[in-house]
Structure formats: C-alpha cells, structure tokens
Amino acid sequence: MMTDKEAQETTSKVNGFEQITGAEAILRCLMEEGVDTIFGYPGGAIMPVYDRLLDYNDKLRHILTRHEQGAAHAAQAYAMVTGKPGICFATSGPGATNLITGIANAYLDSIPMIFITAQVVSGLIGTDAFQETDILGVSMPVTKWNWQIKKPQDIPEVLAKAFYIATTGRPGPVLIDITKDAQQEKLQFKYKKCNYLRSYNPHVPLNIKAIESAAIMINHAEKPMILAGHGVLLAKAENELLQFAEKTGIPVALTLLGLSAFPCGHRLYAGYLGMHGNYAPNLLTNEADLLIAIGMRFDDRVTSNLKKYAKKARIIHLEIDQAEINKNVQVDLEIHSDAKEALQNLIPLVKQNSYESWIREFRICDKIEYDRVIKEETKPESGKIRMGEVVKLVSEMTGDDAIIVTDVGQNQMTVARYYKFTQPNTLVTSGGMGTMGFGLPAGVGAKIGQPGKQVIAFIGDGGFQMTIQELGTILHYKVPLKIILLNNGYLGMVRQWQEMFFKRRYASTELVNPDFITIAGGYGIPGKKVSERNDLKDALSEMLAAEGPYLLDIEIEKEGNVLPMIEPGASVSEVTLNYKG
C-alpha cells in the first residue's frame with residue numbers, strides 16, 4: 001500500500017477535483033462501471049497501470065494469465081457466464097498483437113469486452129520504437145470501435161464511450177490504446193457514464209406494423225419453425241422465446257451459440273442446427289413454409305448451400321444488427337429490433353396453436369437419427385470409448401446443470417449434440433472464429449466468473465496443447481476447473497475431413513502426445529487416464545467430486561467421426577447419417 005507521502009504525490013485536488021495520474025484514472029473508470037475482475041499480462045508500456053493496481057487489490061481482482069491470448073479468452077468466457085463486459089489488459093507491441101485472436105473471437109461471437117492496451121510514449125509513435133505496433137490499424141477489422149488516447153484528460157470520456165458502445169446494440173469488443181505518458185501524467189478526475197452518442201443509435205424503435213405483419217404470417221403458417229441464435233441470450237429473451245413457442249406450438253431449433261437459449265428437454269425442442277447438427281431441424285428446414293429467425297445471422301454452417309436453402313419457406317428475421325438482415329439470405333419480412341422487445345410485442349398477437357402432424361415429422365426424424373447414429377455413439381457394445389458416450393454420461397451425472405466449456409473441433413460438435421442444456425448461458429464455446437486453444441483459458445474465465453457452479457471443459461488433445469500454459473493460471477489461483485481431455489491422438493476434425501474428402505491421406509494430423517497427467521501433476525493438478533469403458537463412470541465420479549482442479553485424460557476411438565454431417569456444397573436436407581469410408 002502507499003505511504004502517506006506517496007499518496008500526496010499521486011493525488012491532490014485542484015478546483016475541487018482530484019488530481020490523479022492517467023494510470024489511476026483508468027482503474028477509477030473501471031470501478032465506476034462496476035468492474036471487479038480484470039484479466040491481463042503486464043509489460044513495459046503498461047507498467048504505470050500495474051503499479052497503481054497494487055493499491056486497488058481490495059477492489060479490483062487481477063488474474064495474471066500465462067499469455068495474452070489466454071487473457072482474452074478467459075475474459076470472454078467471464079463475460080459470457082456473468083453478463084458483464086470482459087476486461088483485458090496488455091502492453092504494447094507483442095502484448096497487444098497477442099490479443100488479436102481473442103479480439104476477433106469476441107467480435108464474431110458478439111461478446112461485450114473492453115481491451116486496454118498500452119502504447120509507447122506519444123513522442124515516439126511512428127518511429128518504429130521498441131515494442132511499438134499500430135494496434136489500431138491491426139485491430140480495426142475485428143473491433144466494434146477502437147481509439148488511441150495520448151492525453152490523460154481524455155481517459156474518462158473515452159472509457160465511458162467504450163463501455164457504452166461495447167454493451168449496447170449488438171455487443172462486441174472495443175479496444176482503447178493508451179500511451180505511456182498519458183498514463184503517467186495527471187488530470188482532474190471526474191467520471192460521467194455515457195448513455196448517448198450522436199452518431200450511434202443502438203436502440204431501434206420497434207416497427208409495430210412489421211410485428212403485426214409477422215403475426216399474420218405466423219397465424220397462417222402450416223409448417224413453421226423457429227431458428228434461434230445467440231441474440232436470444234444476449235437480449236436475455238429466453239423466457240420470451242419459451243412463451244412464444246409454447247403459445248404458438250412452433251418447434252424451436254438452435255444454432256451452436258444459441259444452445260441453452262431454449263431447454264433441450266422441452267417437447268418443442270427441434271434440435272441443434274448446423275453441419276453436425278440434428279437430422280430433423282436440418283432436413284425439415286427445406287420442408288418448412290415459414291422460418292422465424294431470431295437473433296441469428298444465417299451463418300454458412302447453418303445454411304450450407306444457399307442456392308438450395310429453404311426454398312419452400314417465407315422468412316421472418318428478428319435481428320438487432322441491420323447489416324445481418326438480407327446479408328446471406330433474402331427475407332420476406334425484417335424486424336430490425338432487440339429480440340426481447342420484439343417477442344414481447346409479438347406474443348399477444350399470435351394465436352394459441354399446435355402443429356401435431358408437423359411435430360410428428362420431427363419425432364420420426366429423431367427416431368431415424370437415434371437408430372442410425374445416436375444409439376451406436378452413446379451406447380456402443382464394444383470397441384474404444386466414444387466421444388458421445390462420454391458427453392452423454394457427463395450430462396446425466398451433472399443433471400444437465402453444469403457450465404460446459406469446449407475447445408473447437410470434434411469435442412465441440414459432440415458436446416453440442418449430446419449435452420442437454422436446460423439453463424441459459426451454460427455453454428461457452430468459440431463459434432464464428434472456431435479458435436482451437438479456446439477451451440482451457442475459457443474454462444478458467446468461466447469458473448472465476450461463476451465460482452459456485454460446476455464448470456467442465458471438454459478439450460481435444462490438439463487444442464489443449466495450444467494453450468496448455470494456462471495450467472499455470474489454474475495453479476496460481478487454485479481454480480477448481482474440471483478438464484476432460486478427449487484424447488484420440490489426432491487433430492480429430494481435420495482427420496475426419498481427410499478421411500471423407502482426401503482419401504484418408506492423413507497429412508500432419510496425427511499427434512505424438514506427451515504424458516498429460518504428469519504435466520498436470522507438475523502444476524499441482526491431480527488427474528487420471530482412462531482407456532477402458534468399465535472405468536469411465538467411476539473416473540468421472542472422482543473428477544466431479546474433487547474439490548480442486550482435475551484432469552481426466554480419456555483415450556477415445558482414434559478414428560471416430562462426428563455424424564450426421566452436411567457435406568460441403570450439399571443442401572441442409574442432404575444429410576450424411578452414416579459413413580463407412
């Protein structure tokens with residue numbers, strides 16, 4: 001803590017306002033916005049901020065990750081499970097550029113985040129000084145807004161704008177770059193939260209006529225289907241979606257990031273959309289006469305071949321971001337609005353209904369998928385342990401109530417298919433960017449954000465080794481994260497494509513792996529390796545009962561595939577259920 005003399009040197013009053021350094025002003029601004037947790041990594045240009053941070057340890061918790069990318073992913077996961085913006089610090093040059101993958105990840109998945117990077121002193125900008133990088137230019141395509149501060153008096157206003165922009169409308173990451181001299185010099189500190197910017201209008205007035213037109217279309221549909229995405233969760237519209245579905249009787253299909261927006265066990269749950277999604281919602285998209293898309297962007301993983309997509313259907317699109325409407329799929333009715341507000345106004349206008357014969361078509365497809373895919377994957381009678389049986393067993397043992405974090409690849413798709421999400425915001429995954437290495441640091445951030453919940457990270461052996469250094473963060477902060485390593489000795493999803501489309505030419509996908517249990521032990525993390533099915537349930541019980549962190553290394557089928565699959569160029573109704581090579 002500061003001595004009285006040091007406090008006098010760093011804080012004084014002029015005209016009734018405190019005189020503090022820019023570094024301290026940054027921390028004060030964060031506190032004014034309700035921030036209590038920061039993820040980051042120090043360095044030369046951001047030292048003034050970290051020096052002041054020592055005196056705020058009782059108010060601002062800083063999590064020192066082992067790499068800036070880890071800090072970005074952990075902060076994103078923290079934001080996803082808490083609903084608060086994620087905060088991330090990094091120094092100039094490589095510190096800032098190491099954040100870019102995490103920034104892009106948050107941008108594509110619409111996660112509110114504030115990235116604060118340091119910059120060399122303003123007089124050296126443009127001279128190629130040590131650890132100088134034009135981070136504004138580098139980050140511009142993957143941020144909602146970015147700005148550079150060279151004068152300390154600009155810090156409060158710019159940071160207030162940053163929070164407003166990041167958290168309103170379609171959320172997203174904002175990057176603020178602050179020179180070292182702006183951190184060191186003093187300003188008269190006063191803070192005012194931002195709630196208006198002249199050129200930025202995040203709240204779009206609801207078009208009531210469009211809502212009335214949507215109700216008419218819905219009330220006259222014979223085979224309607226709801227496609228719900230991440231926007232439902234971002235808008236906190238889960239209850240409205242449930243009410244809307246139950247009143248209309250319309251089946252609800254979810255995108256990857258939309259999973260947990262609607263309970264998987266509900267009678268109207270149609271399944272998971274996408275390349276490795278469920279048979280029914282993919283096949284029947286091309287049979288529907290009305291699609292109601294809510295908070296989703298018609299990503300290529302959902303639509304597949306656009307020329308063959310939903311040709312029988314009229315389409316209503318409820319979306320907060322105007323740029324996403326008619327971008328990939330031409331729609332018949334657009335409702336440019338927040339999903340919660342739109343649904344609240346739509347519910348009174350739609351009729352109580354049911355679509356028993358239409359729902360029966362989904363159940364028939366479900367039976368086909370169970371017989372030809374799910375039964376073999378989740379209840380195999382012989383052979384190596386399969387990914388699906390692991391995920392299904394964990395889902396049952398946790399009562400579908402844990403927060404599940406995934407890496408990217410086969411582990412991610414298997415979790416999306418077989419974990420039964422019943423509570424909102426219980427899936428943390430990398431959607432649009434598909435970032436391998438996301439799982440471990442995201443697991444750390446999710447557990448720090450929700451310490452009272454069981455948090456389980458499913459990770460493949462390839463992705464695990466991309467950010468394995470974050471085991472050090474777990475050691476440092478004693479994070480009781482449970483890690484399930486689905487270990488097949490391959491970059492599994494790439495290998496699956498090589499098997500299916502490249503004649504089994506496994507180019508650079510087979511891995512020579514270390515002893516993961518020994519490595520984890522070096523970080524003080526207990527673990528166990530399982531290779532036999534008979535040992536699986538007991539090992540999972542031991543992991544779930546552990547008070548601290550735990551690594552369960554499960555040896556799974558080496559050449560297992562995630563099916564069904566919509567192959568590249570196919571339509572959503574051309575689904576491969578079985579593949580025998």
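Since this is a predicted model, take the numbers as computed values, not measurements.
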Q: Would you check, one step at a time, whether the test salt bridge (charged side-chain N to carboxylate O under 4.0 Å, His left out) holds for Lys384 with Glu555?
A: CA-CA 8 Å; Lys384 297 295 293 183; Glu555 187 178 319; 3.1 Å; yes
(Q) For Tyr272 and Thr255, which I'm curious about, is there any donor-acceptor pair between the side chains at under 3.5 Å? (A) no
Q) In Å and rounded to the nearest 0.5 Å, what is the CD1 to CD1 distance from Ile525 to Ile483? A) 5.5 Å
Q: Check the pair Ile484 / Val390 against side-chain contact (heavy atoms from CB on, under 4.5 Å), numbers first and verdict last.
A: CA-CA 9 Å; Ile484 295 178; Val390 176; 4.3 Å; yes
(Q) So does Met387 get a backbone contact from the side chain of Lys392, meaning a donor-acceptor N/O pair under 3.5 Å? (A) no
Q: Answer whether the closest heavy-atom distance between the side chains of Ile554 and Leu485 falls below 4.5 Å.
A: no
Q) How would you list, by chain and number, every residue that makes a ring-ring contact (aromatic ring centres under 6.0 Å, His included) with Tyr506, sequence neighbours excluded? A) Tyr490
Q | Matching residue for His276 among Arg301, Gln412, Met565, Gln410 - test: side chain to side chain contact (heavy atoms under 4.5 Å, CB included) | A | Met565
Q: Kindly state whether the ring of Tyr41 and the ring of Phe89 have centres lying under 6.0 angstrom apart.
A: no
**Q.** Check: Thr82 side chain, Lys84 main-chain N or O, donor-acceptor pair, under 3.5 Å
**A.** yes
Q. Is the side chain of Lys453 donor-acceptor paired with the backbone N or O of Asp401 at a distance under 3.5 Å, no angle test?
A. yes
(Q) Rounded at 0.5 Å granularity, tell me how far CG in Asn57 sits from CZ in Arg61. (A) 12.0 Å
Q. Just by distance, do the side chain of Glu185 and the backbone of Ala182 share a donor-acceptor pair under 3.5 Å?
A. no
Q: Using modelled atom types only, decide if a donor and an acceptor are shared between the side chain of Asp407 and the backbone of Ile459 within a distance under 3.5 Å.
A: no
Q.
With a 4.5 Å cut-off on side-chain heavy atoms, are Asn328 and Asp300 touching?
A. no
**Q.** Lys/Arg N to Asp/Glu carboxylate O, Glu24 vs Arg52, below 4.0 Å
**A.** yes
Q: Carefully, step by step, assess Tyr200 and Lys144 under the rule side chain to side chain donor-acceptor pair (under 3.5 Å).
A: CA-CA 12 Å; Tyr200 173 64; Lys144 192 175 177 184; 2.9 Å; yes
Q.
Determine whether a donor-acceptor pair (N or O, by modelled atom type, separation under 3.5 Å) exists between the side chain of Ser260 and the backbone of Asn425.
A. yes
Q.
With a 4.5 Å cut-off on side-chain heavy atoms, are Ile474 and Leu481 touching?
A. yes
Q) Out of Leu486, Ile456, Val415, Thr414, which one pairs with Thr406 under the side chain to side chain contact (heavy atoms under 4.5 Å, CB included) rule? A) Val415
Q.
Rounded at 0.5 Å granularity, tell me how far CG in Leu60 sits from CG in Asp55.
A. 11.5 Å
Q: Walk me through it: do Arg417 and Glu377 pass the test salt bridge (charged side-chain N to carboxylate O under 4.0 Å, His left out)?
A: CA-CA 11 Å; Arg417 287 182 51 75; Glu377 179 67 19; over 6 Å; no
(Q) Under the criterion side-chain contact (heavy atoms from CB on, under 4.5 Å), I'd like the reasoning laid out for Phe39 against Ile448: C-alpha separation, chi angles, the key distance, then a yes or no. (A) CA-CA 11 Å; Phe39 298 85; Ile448 288 171; 4.1 Å; yes
Q) When you measure from the side chain of Glu132 to the backbone N and O of Ala129, does any donor-acceptor pair fall under 3.5 Å? A) yes
Q) If you count the non-hydrogen atoms of other residues, nucleotides and ligands that lie under 6.0 Å from CE in Met47, is the total more than 12? A) no
**Q.** Contact summary for Leu187 and Ala25, nearest pair of heavy atoms
**A.** CD2-CB, 3.7 Å
Q: Indicate yes or no: at least one non-hydrogen side-chain atom of Leu53 is less than 4.5 angstrom from one of Leu27.
A: yes
Q. Between Asp461 and Gly489, is there a donor-acceptor pair closer than 3.5 Å when you use the side chain of the first and the backbone of the second?
A. yes
Q: Could you tell me which non-hydrogen atom of Pro526 sits nearest to which non-hydrogen atom of Gly524, and how far apart they are?
A: CD-O, 3.6 Å
Q | Between Asn561 and Glu499: side-chain donor-acceptor atoms closer than 3.5 Å | A | yes
Q.
Walk me through whether Leu233 and Glu238 qualify under side-chain contact (heavy atoms from CB on, under 4.5 Å).
A. CA-CA 6 Å; Leu233 292 165; Glu238 309 88 18; 3.5 Å; yes
Q) Can you check side chain to side chain donor-acceptor pair (under 3.5 Å) on Thr422 and Asp400, steps first, answer last? A) CA-CA 6 Å; Thr422 59; Asp400 310 323; 5.3 Å; no
Q: Could you tell me whether Arg28 sits above the aromatic face of Phe189, with NZ or CZ closer than 6.0 angstrom to the six-membered ring centre and within 45 degrees of the axis?
A: yes
Q. So which heavy atom on Cys88 is nearest to which on Ala72, and how close?
A. SG-N, 3.8 Å
Q. Hey, is NZ on Lys558 packed in by over 12 heavy atoms from elsewhere, all under 6.0 Å?
A. yes
Q.
side-chain contact (heavy atoms from CB on, under 4.5 Å) for Met436 and Phe438? Distances and angles first, verdict last.
A. CA-CA 5 Å; Met436 284 183 67; Phe438 177 80; over 6 Å; no
Q) How about Thr509 and Gln498: does a side-chain donor come under 3.5 Å of a side-chain acceptor? A) yes
Q: Could you tell me whether Arg170 and Glu324 make a salt bridge, using a distance below 4.0 angstrom between a side-chain N and a carboxylate O?
A: yes
Q: Go through the side-chain N and O atoms of Gln465 and Asn513 and say whether any donor and acceptor fall under 3.5 Å apart.
A: yes
Q) Do Leu234 and His230 have side chains that get closer than 4.5 Å, going by heavy atoms? A) yes
Distance-only donor-acceptor hits, side chain of residues 148-164, under 3.5 Å, sequence neighbours excluded:
{"unit_1": "Gln148", "atom_1": "NE2", "unit_2": "Asp177", "atom_2": "OD2", "d": "2.9"}
{"unit_1": "Tyr164", "atom_1": "OH", "unit_2": "Asn195", "atom_2": "O", "d": "3.2"}

**Q.** N/O donor-acceptor pair under 3.5 Å between Gln131 side chain and Gly44 backbone
**A.** no
Check residues 543-552 and write down every donor-acceptor pair under 3.5 Å in which the side-chain atom is one partner and the other belongs to a residue at least two apart or another chain.
{"unit_1": "Tyr550", "atom_1": "OH", "unit_2": "Glu542", "atom_2": "OE2", "d": "3.0"}

(Q) Treating Thr426 as the side-chain partner and Ile403 as the backbone partner, does any N or O pair qualify as donor plus acceptor under 3.5 Å? (A) no
Q.
Any heavy-atom pair between the side chains of Ser92 and Gln119 that's under 4.5 Å?
A. yes
**Q.** Validation row: Met80, Ile111 side chains within 4.5 angstrom (heavy atoms)
**A.** yes
(Q) One pair to check against salt bridge (charged side-chain N to carboxylate O under 4.0 Å, His left out): Asp515 and Lys529. What are the steps and the verdict? (A) CA-CA 10 Å; Asp515 183 338; Lys529 186 175 180 68; over 6 Å; no
(Q) Pairing donors with acceptors under 3.5 angstrom, does anything connect the side chains of Glu389 and Tyr418? (A) no
Q: Please indicate whether Trp145 has more than 12 foreign heavy atoms, meaning atoms of other residues, nucleotides or ligands, lying under 6.0 Å from its CH2.
A: yes
Q: Tell me whether the centres of the aromatic rings in His62 and Tyr50 are closer together than 6.0 Å.
A: yes
Q | Test salt bridge (charged side-chain N to carboxylate O under 4.0 Å, His left out) applied to Arg66 and Glu470, step by step | A | CA-CA 6 Å; Arg66 296 308 184 259; Glu470 299 309 327; over 6 Å; no
